Amino acid sequence: MKEEKGAGKLRKKGWYLGVCLVLLGLLAGGAVTGIAFRSPGHIPPLKVTGDVANVLTLQDPDSLGKLENITSQGTRYRAAKLADIIAEAGPPADAGQIHLMGLDGFAPAIKAADIHDCYIAFTSKNGWEAVNPNHPNSSNTKFLTEIVVVAEGGGNGSAFNVINRETDLAQITPGQLLTRPLTLYPYAEGKAVAHKDGKDYEAQVFTRRRVFKISELTPLVEGDLLLVTGEKGEHLLADDSGYFEVKDNYINYLQPDTRTKLERVKGVIVQPPAASITDAYYDGRRYLESGDQVLLVVLDGLTYRQYGHAVANGYAPFLNNAGKAAQACGVYPSESNVALAALLTGKAPEENGVVTAREHTLKEPSIFAEASRLNKKAVFLDVAPVRLNTETEPVILNDENAGGSADDELFAAVLDAMEQGYDLLVLRFHGIEDARERYGPLAPETMQAISVTDEYLSEIVSRWPGKVIVTGAQGAGSGAVSGAVSGAQESFNSENMFVPYLRFG
Amino acid sequence: MKIFIKKLPLLALILFSILFAAACSKENTNAGVPGPYDGEKILVHGLQEQDFEITLGDLKKLPAITKHAEAERSNGEVVKVDATGPLLDTFLKQYGKTQKDFSRVRFTAKDKYSIAVPADVLAGRQIILSYLNKGQPLEEEMQPVRVVIPGERAMYWVMNMIRMDFETGGDQEPPNKVVFLETAVKSLPRHDYEDLDSVDLAVKISDLIDKYAEPDDSGVSNVFLKASDGLQKNETRANFLSAFIKITGPEAPKFLAPQFPQGMHIRGLLYAIYGRTAIFSYNEAIASLPKLTEEGQEGIAFSQIFKQTGLTGGSKYRFTSADGRSIQLTMNDLGGGGLIFQNEQGALAFTCTGSSGRINVPDLLSVEVLP
C-alpha cells in the first residue's frame, strides 16, 4: 500500500515534470525555430502595380501563397504562380500584358492570357526572379522590382481622361502609362535639420516621381488652361507647367513650384468653359441679395449635347427662345445628387461632402442657408428617387397617377407653390434622366421627355415674376446603384461632363 | 537541485503564463489615460503673439482619434502604426485656426532633428499628435509625442517632438509694403467688365503688380487673398496675374477673371499679398473692420494694417502719396498709431499726432516698412 502511494506520488511528480519539460521544450523550440528561420537579411520589395485594384508590395517569399517546387533550365525553385499573385492584385477584365520590370531597366512583357505556367521566386542569387518555363528565356527577369499589369482598353474604369468641350482627346490607364517613356522628376519633399554640437546639418529630401505632361498625350496651345479633376470631384485650374505623376495604380497632379498637389486625378478638361454648374449657387445668392425672387430649375440627366440636339431638332422651343445656354462644366462623379449638392452649395463634391449616392448630407451651407440668412421664404420640390438633405426640408412628389414619372405631379405642385409667395423656389425634374437611362441620351423617347419638360418650363416661367436659372445636372450614371465612385468612372467624357446653363428673367 | 526540480513545474507555468499573456495581450485604447510623461513640455511658436508651452497632459485632454498609418522607408520597409492622439487641427481649433491657415509647420525633436511640413501636406493630410501606438504608450525614445501623418513618408513622422513652429507666408518673408487699392487704381487703365448682369470697371492685376510691386517677383509662386467675409485663399501666381479686380458695381472690390468659374471669384476682397507687397482695400476695411474715430474723423487704425496683413518689423515707415511725395516717420512720430481715412474729396489720407506734432499725408498710396 505504502509502495503504491509512493509510486502514485512518483507518477504525479513525473507528470508535473513531463508537463514542465514539454512547456520548456515548446519555448525552446520556438526560440530555435525563430532563429533558424529568421528572415535572410534584407529582401527588396517587389510591387505589383498598373491596372490593378490593389497594389501589392511583396517582401516575404513565404507570403506569396502556395509555393510550388519547380525546375526550369536545370535550376530548382520554390515559387508562386504569377497568375495567383496577379489575381490577388485584382486585374481588370481587359488585362492585356504583364510587364516584368527589372532593376536594370530590363522589362519584357508577356501576354496576360499566357501566364498559367509563369512563376515568381526569390533566390539569394537573383533576388526576385521571373521563372517562365514556357516563354523565351528573355522573359525571365532577374532582380525583378515591379510587375505592371496593363489593360488593353479602359482598365475597368481606371483610365485617365483628357477631354475638351467638343471631344475626348485621350484616354490612358496607369498601367499603359507605366510602360511609356516617363520623366523621373526629383520632387522636393522638404528639408530636415539635425542640430549637433552647435551646428545645423541639413538634408534636402527629394523623391523621384515618374511623371508626364498633358502635352505628351495631346497637343496643347500655349496658354491653354487645364481643369484637373480628382476622383472625388475636387478640381483646380492649372496650366501645362505642372506634372502628372503615375503612382502605382493612379495618377496625381503635382505643381512643384507652388507645391500644389491633387491626388487620384480622374481627368483633365483642356480649355474648360468658365461657366460651371456651381454658378447656380452664386447667381442665386446674388439675386436673393438684390431682392429678386429666384426660380432654380434642375433638369436631371440633361447634358449639353442633349440640349443642343433637342434645340436643333425642335424638341425644346421654350429653351430655344430663352436664349443660348452656356456650356457649363458639370461635376465628377456623374451622379444626380452629387451634381445637385454642387449646384446648391457652389462647392466641389469633396468640399460639400456629397461625393457618391451614399452621401445625403451637405457639409457646406447651401443656397437655402443663404435664403434663411436673408429672411427669404424658400421651398425645394423634388421628385428624384435619391434624396438630398438640405437646410430646407424637401417636399417630395411621388408618381401618384402611375404615369411613369412624378414630373407631372411636380408641375402641379409648382403651380400651387407659386401662389404662396416664395422668394426661392428650387425644382428638380427627373423625367429626362429616366428616359436617358432607359433609351439612351439622344433617343427619340429621351427627346420626347425633354419636350414634355420644356412645356412644363414654359408654363412655370410664364407665371414666375423673378429671375430664372435653368441647369442640367449629370445623371445617375452607373454609380448610382452601388454608390461607389468607381461606378461612375467612365462618365468622365465630353458627353457627360458638360451641361446647359441658362439665366433669364 | 532537488528543490529546483520541485519548483520547476511552478516556474515553468509562471513563465509560460507570462509569455502567453504577453503574446495574447489585446490592444487597449488608453487615450487620455495619465502617464509618467504627461508633464513633458512642448513649445508652441507662431500661434499666438507670445510663445507658450503645452504639456502632453494638455494634449491628452483633447478628443483623440486612432488611425492606422503606414509609411515607406527608402529601403522599401514599411513602418506601420496605429496612432492615437489628437489631430493637429483639433489642437489648433482651440486657437481659432486650422492647418490650412499655415504655410508650414515645423516639428522639432528633443535631439534637434526638425522638419517643416509644407502647405500641400497641411492642406491635404490629417496630422496626428500621437501618444499611443497600438493602444500602448510610446517607447521612451519617442516620448512625449510622435507626429504621424498618414499617407506621407516617415521623414515627417517626428518622434520625441518638443516644439511646433507655425509659419505663414511660405518661404516668403512677411510683407513690408502696403499699397492702397483705391489710390493705386486711379493711375491704371480701367476696363469695362461684364459681371452680374452689369458692366462695371476693372483693372488688370498684372498692371497693378507691374506698377506697384517689387520688380523682382521671381520668387512669388502663390498669392494669398482674403475677403472681408473671412474667406481666405491661395491662388497661383499665374492665375492671379491673369485676373482682374473689379472696382465698381456689386461685390466690388472683386477678384475675378472671365476664364474662372464663379467659385474662384472673391467678392469683397480685403487684401492680397503678392511677395512682399500687400494690396489693401480701404473701402472694404472700413466696411468690415472696427472703425476708429479721431477728432470727429472716422477711419481705420494704422495698426489694423499690421494686424490684417502681417506687416512687421522696422523702426521707420515711409508714407507715399499718389503724386510721389513721401515722408518717413518714426514710431515716436506716429505717437498713438495714426488713422487712415477718406477725406471730403474721397481721397485716402493718413494722420497722426506724435513727437513731431500733427502729421498729415494726403492721397495716401502706400506705406513701406524701413529698416
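These numbers were taken from a predicted model, which means no experiment stands behind them. A note on names: the letters A, B, ... follow the listed sequences, proteins ahead of strands, and every chain is numbered from 1.
- Contact of Asn239(B) with chain A is made through the side chain alone, with heavy-atom distances under 4.5 Å.
- Highest contact tally toward chain B, considering only Tyr282(A), Tyr281(A), Tyr201(A), is held by Tyr282(A) [criterion: heavy-atom pairs under 4.5 Å].
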One pair to check against side chain to side chain contact (heavy atoms under 4.5 Å, CB included): Ile147(A) and Leu46(A). What are the steps and the verdict? CA-CA 8 Å; Ile147(A) 300 170; Leu46(A) 167 62; 4.1 Å; yes
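- When each of Glu251(B), Arg267(B), His265(B), Glu152(B) is scored by its heavy-atom pairs under 4.5 Å with chain A, the top score falls to Arg267(B).
- For Arg237(B), no part lies near chain A; criterion is any non-hydrogen pair under 4.5 Å.
- The pair Arg146(B)-Glu141(B) does not count as a salt bridge, with every side-chain nitrogen at least 4.0 angstrom from each carboxylate oxygen.
- Taking Thr278(A), Val205(A), Thr260(A), Asp239(A) one by one and counting their heavy-atom pairs under 4.5 Å with chain B, the maximum is reached by Val205(A).
- When Val121(B), Val158(B), Ile115(B) are compared by the number of non-hydrogen pairs under 4.5 Å with chain A, Ile115(B) comes out ahead.
- Counting heavy-atom pairs closer than 4.5 Å to chain B, the top-ranked of the candidates Gly190(A), Pro272(A), Ala192(A) is Ala192(A).
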Hey, mind stepping through Lys191(A) and Glu202(A) against salt bridge (Lys or Arg N to Asp or Glu O under 4.0 Å) and telling me if it holds? CA-CA 7 Å; Lys191(A) 187 171 71 177; Glu202(A) 295 179 356; 3.7 Å; yes
Please determine whether side chain to side chain contact (heavy atoms under 4.5 Å, CB included) holds for the pair Val48(A) and Val55(A), giving the CA-CA distance in whole Å, both sets of side-chain angles, and the decisive distance to 0.1 Å. CA-CA 6 Å; Val48(A) 183; Val55(A) 173; over 6 Å; no
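- Note: Phe206(A) and Tyr187(A) fail the aromatic proximity criterion, with ring centroids not under 6.0 Å apart.
- For the set Gly263(B), Ala109(B), Ser242(B), the entry with the most heavy-atom pairs within less than 4.5 Å of chain A is Gly263(B).
- Note: Arg286(A) leads Arg286(A), Lys47(A), Gln255(A), Lys261(A) in heavy-atom pairs under 4.5 Å with chain B.
- Sparse packing is recorded around NZ of Lys41(B), with 12 or fewer heavy atoms of other residues, nucleotides or ligands lying under 6.0 Å away.
- For Ala238(B), the part sitting under 4.5 Å from any heavy atom of chain A is the side chain, from C-beta outward, and nothing else.
- Using a 4.5 Å cut-off between heavy atoms, Glu235(B) does not touch chain A at all.
- Residue Pro258(B) touches chain A through its backbone alone, counting heavy-atom pairs closer than 4.5 Å.
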